[in-house]
2 protein chains.
Amino acid sequence: MQLRQLKTFEAVVRHRTVTDAAIALDLAPSSVSQQIRTLEGTLGVVLFTRGPRGMELTPAGRRLRGWARSLLDQAEQATRDVRGERQLLRLGALETLAGSYVPQVLARFAERRPDIDVEIHSERARDGLLADVIEGRLEAALLLDSGDDVGGLGFPAPAEPLTFIDLDPVPLALVSAPAHPLAARTALTPDDLKHERLLVNVPECSFWMAGNKILGPGPKRIKVGGVPVMRAWAEHGLGISLLPRFAVADSFRSGTLVQLGLPLPDLSLRLVWREGQESLPGMRDILYAAARP
Amino acid sequence: MQLRQLKTFEAVVRHRTVTDAAIALDLAPSSVSQQIRTLEGTLGVVLFTRGPRGMELTPAGRRLRGWARSLLDQAEQATRDVRGERQLLRLGALETLAGSYVPQVLARFAERRPDIDVEIHSERARDGLLADVIEGRLEAALLLDSGDDVGGLGFPAPAEPLTFIDLDPVPLALVSAPAHPLAARTALTPDDLKHERLLVNVPECSFWMAGNKILGPGPKRIKVGGVPVMRAWAEHGLGISLLPRFAVADSFRSGTLVQLGLPLPDLSLRLVWREGQESLPGMRDILYAAARP
DNA sequence: CCGAGCGTTCGGAAATTCCGAACGGGACGT
DNA sequence: ACGTCCCGTTCGGAATTTCCGAACGCTCGG
C-alpha cells in the first residue's frame, strides 16, 4: 500500500471512471488502472466492479475509502507539522452564512487557537457541504439548524454519524411593514397568520425550513430571493418574512420594518463534523474553540 | 512522503544507526541513507543529525516520529479492515500479570468486542512496557497501580500524557504464618509492624512499591523472589508478606497463612494508553470494553 | 450495425530503487 | 600520533517499478 495509490484510488472514487481520474491526476488511464490493480493485489481484495459506465466500489472498496481519506489527511497534516507550519482546519460554510457568521467564528479560532490555520470553503448547497464533511474533504462545516439532531431544522441528514456543537443562537424575527394590520397585535399565533403572504427563498433555504416548522403550511409562499430581497419586499408591504434578526436590525431602527408578535424559537449556528473520523490530533478540542464563551 | 520511507525512518529511530536499521530492514545501508535523504528532501527539513555514533533526531524528526507511527499503524489497520479481518489491539502486560489477570480481561474483550483481535505482549520490565505504549508499538498496557495518576504506586511515569481506566480492584493481603505473634491482633497499624521482616521481591515489583506506601520503611526487607516464593516463606514463618489476596486464597483455606489485621487499600488493575494517539477508530470505546461491569 | 466510451493488456521508455565498492570523518585504543 | 573500527555517504551500474501510447475487447445507445 502506497499513499500514491490511495490518492489514485480516491480520484477514481470521486470521478467514477479511470479515464476522468487519469485526467484529474495528469496520468494516462493505463497508469491509473495499473495502480488500482496493484493496490488490489497488495490488499488481496477487489475494490471496484468494472462496468461500461465506470468503476463502482465494492464493500471492501467502501471500507478502504474512509481509511484512504484519513491516511492522506494525516500525511498532509504530518507534513505541515514537521515543517513547523500550523495545522489546517478546512471549514465549510454555506455562502449565505459566509458573510454573516463566519467572521466571528474565525475571530474566535484566531484568538483561542492561533496554532491552527482555518481555511474557509464556501458552498452553495447544504447537501454538497455535508457530503464533503462525510467524505473527508472538510474537517467540519457551519450551518443553521435546530433541535437535538443534525437535520432537526428539516433538511435530510446523511446516514453517517455526525457530531456537532451549537456555537451561537441565531434569533429570528417575523417582520412586516409598519402599516401591516397585524403589526400592533401581540401574542399572535400561527393560526393568525395562515392567510398571510410569506416571502421566501428556495425550499433548501434554512429560513424556508424554519418557516415550515414555525408557521406550518398556512401562509401562502411567495418566492422572491435571498435575505436582502425578502427584507426589501417586506418593507414595501408585499408580505411578511421570517429572517435572522440581525439582518433586519437596521430596518427596525429606521422604522421600515416591525417585528410581529409571534414568539419564535432561535435557530442555532451549528458546527458539524464526522463522528469518529478526526484527521487532526485533538480535533474535538480545536472545534470547541469556536464555541461561545 | 511514502509509507516505505516512514517505515525506514522508524527503523533508524529505533536502531539509532543506518547500519543497524539496514540490517533490520534487510536493505543495504546506502539504501537506508538514500531513503532518509529523499524523505528529508520531500519534507524540506532535516530529520537527523549525523554523527560518528549514529543518527540523532532533530526537533523536526521528533515531530515526525509520532505521525510516522500513527500512519503506519493506520495503514496496517486499514489493510486488516479492508480484508474483512478484525482490528488488532496489541496489549502489553508484565509477565507477572500475564498469568493471573490477563485471562479475565481477554474474556471480557471476547465477550463484548468480538470484532477485535487482542494480541498479548508479555514483558519483563514495566518501563519497557510503558515505552512500547508511548512509542506506539502497543495500543495499551495492563499494570498494577494506585491513586489518581499513572505512577501513583511509586514507579516513574513517562513524561508523555497517558490515559487510563481502572478495570478491577486488586485486593491485597498482609499475611503471616498462623503462629505469628501478631496473628490474633486486630486493628494493627504500620507502627506495630516496623520491627517485622517483610518478604519482598525486587524494587520494581508492584508489591514492593505497595509495601513502601502502606508500611513505610520500618519493616526489614528480605528479598526472596516472586509471589509463590514469598508465599512459601511466609507459610514457613520466615516473615510477613504483602501479596494479592487471590494468590493466597488457597493458603487461607488450608490454614497455612492468616491475614494480619492491618487495613489495606486495594491496588488497581489499570489499562493505560497514550493520550491523543489512537490508531484504532473508536479505540477508547474498545478499551472501555475491558472494564468491570 | 456502428460509433462512443469504458477499462485493460502489452511492449517499451523513463524513472526510481537498490546494491556493492570506495571514500571520508570521528572516536577510541595503543 | 597513528592505526583500527564504525559510521554515513557518494557513485556507477543493475534491477525493478512506473508510466506511456497503441491496440484491443466489451457494453450501450442511436
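Just so we're on the same page: letters track the sequence lines, and every chain starts at 1. Just so it is clear, the values below take in all heavy atoms, side chains as well, and ignore hydrogens, waters and symmetry mates.
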> DNA chain D: A:Gln35 or A:Arg53, which has the more 5' nearest nucleotide?
Replying inline: A:Gln35
> So what does B:Gln34 hit on the nucleic acid, given a heavy-atom distance under 4.0 Å: a base, only sugar-phosphate, or nothing?
Replying inline: base
>> Any carboxylate oxygen within less than 4.0 angstrom of a Lys/Arg side-chain nitrogen, looking at B:Asp73 and B:Arg90?
In response: yes
>> On a heavy-atom basis, which atom in A:Asp285 and which in A:Arg113 lie closest, and how many Å separate them?
In response: C-NH1, 4.1 Å
>> Just checking B:Glu275: does its CD atom have more than 12 heavy atoms from other residues, nucleotides or ligands closer to it than 6.0 angstrom?
In response: yes
> In whole Å, what is the span from the CG atom of A:Leu27 to the C1' atom of C:dG7?
Replying inline: 15 Å
> Can you name the one residue among B:Asp117, B:Val118, B:Ile120 that meets side chain to side chain contact (heavy atoms under 4.5 Å, CB included) with B:Leu89?
Replying inline: B:Val118
> Quick one: is C:dC18 close enough that its OP1 or OP2 comes under 4.0 Å of any side-chain N or O from B:Ser30?
Replying inline: no
> If only atom types and distance count, is the side chain of A:Arg16 paired as donor or acceptor with the main-chain N or O of A:Glu56 below 3.5 Å?
Replying inline: no
>> Applying side-chain hydrogen bond (donor to acceptor under 3.5 Å, both in side chains) as the test, list every pair that has at least one member in residues 41-55 of chain B; sequence neighbours left out.
In response: B:Glu40-B:Arg50
> Rounded to the nearest Å, what distance is computed from the CD1 atom of residue A:Ile36 to the P atom of nucleotide C:dG7?
Replying inline: 11 Å
>> Classify A:Gln5 by what it touches in the nucleic acid, base, sugar-phosphate, or nothing, heavy-atom distance under 4.0 Å.
In response: nothing
> Donor-acceptor pair, A:Asp132 side chain versus A:Leu138 backbone, under 3.5 Å?
Replying inline: no
>> What is the separation between atom CZ on B:Arg4 and atom P on C:dT16, rounded to the nearest whole Å?
In response: 11 Å
> Distance check: side-chain N/O of B:Ser31 vs OP1/OP2 of C:dT17, anything under 4.0 Å?
Replying inline: no
> Which of residues 11-18 of chain B sit near DNA chain D, with a heavy atom under 4.0 Å from it?
Replying inline: B:Thr17, B:Val18
>> side chain to side chain contact (heavy atoms under 4.5 Å, CB included), that's the test. Do B:Leu94 and B:Arg126 meet it? Break it down for me.
In response: CA-CA 7 Å; B:Leu94 286 173; B:Arg126 189 189 291 97; 4.2 Å; yes
> B:Met55 CE to C:dG25 C1': how many Å, rounded?
Replying inline: 15 Å
> Which is the 5'-most and which the 3'-most nucleotide of DNA chain D that has an atom under 4.0 Å from a heavy atom of chain B?
Replying inline: D:dC7 to D:dT10
> Between A:Thr8 and A:Gln35, does a side chain to side chain donor-acceptor pair (under 3.5 Å) hold up when you go through it step by step?
Replying inline: CA-CA 7 Å; A:Thr8 300; A:Gln35 285 192 38; 2.7 Å; yes
